2 protein chains.
Amino acid sequence: MDDSEFLAGYDPRAFPAVAVTVDVVALTIREGALHVLLVERGEQPHAGRWALPGGFIRPDEDLPEAAARELAEETGLAPRVHIEQLASYGAPGRDPRMRIVSVSYLAFAPRLPDPRAGSDAADAAWRRIDRLPELAFDHDRILGEGLERARAKLEYTPLATTFVDETFTITELRGVYETVWGVPLHAGNFHRKVLSVPGFVEGTGQTTEGGGTRGGPRARLYRAGDARLLHPALLRPAREEAAG
Amino acid sequence: MDDSEFLAGYDPRAFPAVAVTVDVVALTIREGALHVLLVERGEQPHAGRWALPGGFIRPDEDLPEAAARELAEETGLAPRVHIEQLASYGAPGRDPRMRIVSVSYLAFAPRLPDPRAGSDAADAAWRRIDRLPELAFDHDRILGEGLERARAKLEYTPLATTFVDETFTITELRGVYETVWGVPLHAGNFHRKVLSVPGFVEGTGQTTEGGGTRGGPRARLYRAGDARLLHPALLRPAREEAAG
DNA sequence: GGAATAGTGTCTCTTAGACACTATTCT
DNA sequence: AGAATAGTGTCTAAGAGACACTATTCC
């Protein structure tokens, strides 16, 4: 793998320095809308533009640790945050100063507090997905891939539960799906479907204190079950193919 | 993303060197069995052990180019090879000499010729998945994740067609699924299912020259269609959950 | 002729989704 | 009372899978 290349004359120490960063696509739901954590860059290049939070990996930390640290620097790390690797990007010109390979991570978080701008950013904020400026570097692409991954993951994993409180109603869970997928779902069918998937949610025996603000009976409260995959999956409503 | 960190006192140039490599999980089917491309290491560490082909990225090449180059160095790059990124690994101790971040790629290839050992390896060979030695570094884990990705991708993409010739019979295609998934499939149901998925395969009007070696009618020949996703998907037979 | 295979027909069971309906709670 | 919501019942259409069957080809 690498000795190999020493033989072939490719000593990495002779290369222009390569730096490795992690960038985090952190998603949460606020006021019924999907939000992503962004930081405003204080320095060149792209000073003043918004970007995904991220930074260089440190010598003694693994990649997932670096991603968790970067997220925590902006938000304080909540206990129930889910983090998974997304993809890596290393096009030679993606940062104008030097060769940078970025490993991106996707994070799902329940109601996090407003971020504090880390030492490394002019500002930090949760921004609505549907009202975003153009991002720095290739972060638009990374965010796009993160969103698609998130939408797909809701289909076959119980990760929608990481967007809500520890106990939640089926209607709240449906709200997560509707917000992330951007489509309305049929309340009755969704309800029955969620309860029919083994291990997705488990009842607590409790109900909400009162009905909704606009009426209705008290809803039963559930917590996340122990399933790690959903069988059968909750598929997104069929987007009609453009193909004939 | 990085200016930021300069401010915080993390100049990457002051770090111990970080090297970036690509490692390739290249899969093909030979004699009805799934095979992976491995190289025998000639140098320390792990001299004499088998490993995934890979090597350092070069200053002017993007990550996918590096993966394609590494694969081509061993096999000569066939025109119909599919390559996609798998994941990245950067645990501090994964290579004993220095900090190495590896970006892994997954490749599907039809009947490739026997590999030639590149300049960088003692030997190279297609090895049966079910008869593997323990691999060097963390390559067992990378291979495992590549296999799971491949099995999942056959469900909802037409990538099974990249394992067979440009024209193929439904039975040959079924053989790909059976080999990769490791389960027998019902011939009749598979046949009807494949033809019912829009854009999966398209008929050529041709048939095989003769029937099978053990009899049977001539089979129609198909080529890959233009679908990039399969709707509906071909799901793996339900593996009964251990959960009660 | 006998065996193996390609391809089709048919039936059952499960699931997605549309729609209807009851019961509960808020204003 | 009227409106909104939680949760359930029922019907239909589609797909997965089991099984049966015909036609074709090799030995």
Side-chain angles (χ1 to χ4, degrees), chain A residues 32 154-156 164 167-178 181 183-198 200-222 229-241, chain B residues 32 154-156 164 167-178 181 183-198 200-222 229-241:
Chain A
L154 290 204
E155 292 190 306
Y156 60 95
V164 294
T167 68
F168 50 86
T169 66
I170 300 295
T171 297
E172 287 167 349
L173 190 63
R174 177 165 51 86
V176 172
Y177 278 88
E178 291 178 330
W181 286 349
V183 295
L185 299 175
H186 187 287
N189 289 339
F190 181 87
H191 194 108
R192 182 162 4 112
K193 169 94 195 190
V194 166
L195 296 185
S196 77
V197 177
F200 190 3
V201 300
E202 58 186 32
T204 64
Q206 309 282 316
T207 69
T208 52
E209 288 296 314
T213 52
R214 283 166 296 190
R218 300 179 180 188
R220 293 177 206 154
L221 287 168
Y222 296 84
L229 291 174
L230 304 183
H231 285 295
L234 281 83
L235 298 179
R236 277 173 277 190
R239 18 179 187 179
E240 301 304 326
E241 299 293 314
Chain B
L154 289 202
E155 291 190 305
Y156 61 96
V164 292
T167 69
F168 51 86
T169 66
I170 300 295
T171 298
E172 287 166 351
L173 190 63
R174 177 165 50 86
V176 172
Y177 278 88
E178 292 179 329
W181 286 350
V183 295
L185 298 175
H186 187 287
N189 289 339
F190 181 87
H191 193 108
R192 183 164 358 112
K193 168 95 196 191
V194 166
L195 296 185
S196 76
V197 176
F200 190 3
V201 300
E202 59 185 33
T204 63
Q206 309 283 316
T207 68
T208 52
E209 289 297 312
T213 51
R214 283 166 294 190
R218 300 178 181 187
R220 293 176 206 156
L221 286 168
Y222 297 84
L229 291 175
L230 304 183
H231 287 296
L234 281 82
L235 299 178
R236 277 173 278 189
R239 5 156 206 196
E240 302 303 327
E241 299 295 315

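The figures here come from the full heavy-atom set of this structure, side chains too, leaving out hydrogens, waters and symmetry mates. As the structure is a computational prediction, the values presented were derived from the model and not from experiment. In the text below, chain A, chain B and the rest are named by the order of the sequence lines, each starting its count at 1.
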Do the side-chain N or O atoms of B/His191 get closer than 4.0 angstrom to the phosphate oxygens (OP1, OP2) of C/dA6? no
d(CG, B/Asn189; P, C/dT8) in whole Å: 13 Å
Contact class for A/Thr171 vs. all strands (heavy atom < 4.0 Å): base, sugar-phosphate, or nothing? sugar-phosphate
Using the benzene-type ring in the case of Trp, are the ring centres of A/Phe168 and A/Tyr222 under 6.0 Å apart? no
Regarding B/Glu209 and B/Arg218, does a basic nitrogen lie under 4.0 Å from an acidic carboxylate oxygen? no
Among D/dA18, D/dA23, D/dA6, the one nearest any side-chain atom of A/Arg174 is D/dA6
Distances for protein N/O vs nucleotides 11-15 of chain D N/O pairs under 3.5 angstrom?
none

Name the nucleic acid region contacted by A/Thr169, choosing base, sugar-phosphate or nothing; use a 4.0 angstrom heavy-atom cut-off, strictly under. nothing
Would you check if B/Glu155 and B/Leu235 make a side-chain contact, meaning some heavy-atom pair closer than 4.5 Å? yes
To the nearest angstrom, the CZ-P distance between A/Phe190 and C/dT15 comes to 17 Å
Round to the nearest Å and state the distance from A/Glu209 atom CD to C/dC26 atom P. 11 Å
Between B/Arg218 and D/dT25, is there a side-chain N or O to OP1/OP2 distance below 4.0 Å? yes
Between atom CG of A/Leu173 and atom CZ of A/Phe200, what is the distance when rounded to the nearest 0.5 Å? 4.5 Å
Test item: B/Leu230 and B/Pro198 side chains (from C-beta on) under 4.5 Å apart, heavy atoms: no
With a 4.5 Å heavy-atom cut-off, do B/Thr207 and B/Thr169 have their side chains touching? no
Would one find a side-chain N or O of A/Arg214 under 4.0 angstrom from OP1 or OP2 of D/dT5? yes
Please tell me which of A/Arg220 and B/His186 maps to the more 5' nucleotide of DNA chain D, matching each residue to the nucleotide holding its nearest heavy atom. A/Arg220
When rounded to whole Å, the CG to P distance for the pair B/Leu235 and C/dT14 reads 17 Å
Expressed as a whole number of angstroms, how long is the span from A/Leu221:CG to D/dT5:P? 18 Å
Could you state the CD-C1' distance from B/Gln206 to C/dA6, rounded to the nearest angstrom? 17 Å
At under 4.0 Å, does any side-chain N or O of B/Thr213 touch on OP1 or OP2 of D/dC26? no
With sequence neighbours excluded, tell me which residues meet salt bridge (charged side-chain N to carboxylate O under 4.0 Å, His left out) with A/Arg220. none
Report the distance from atom CG of A/Leu173 to atom P of D/dG7, rounded to the nearest whole Å. 12 Å
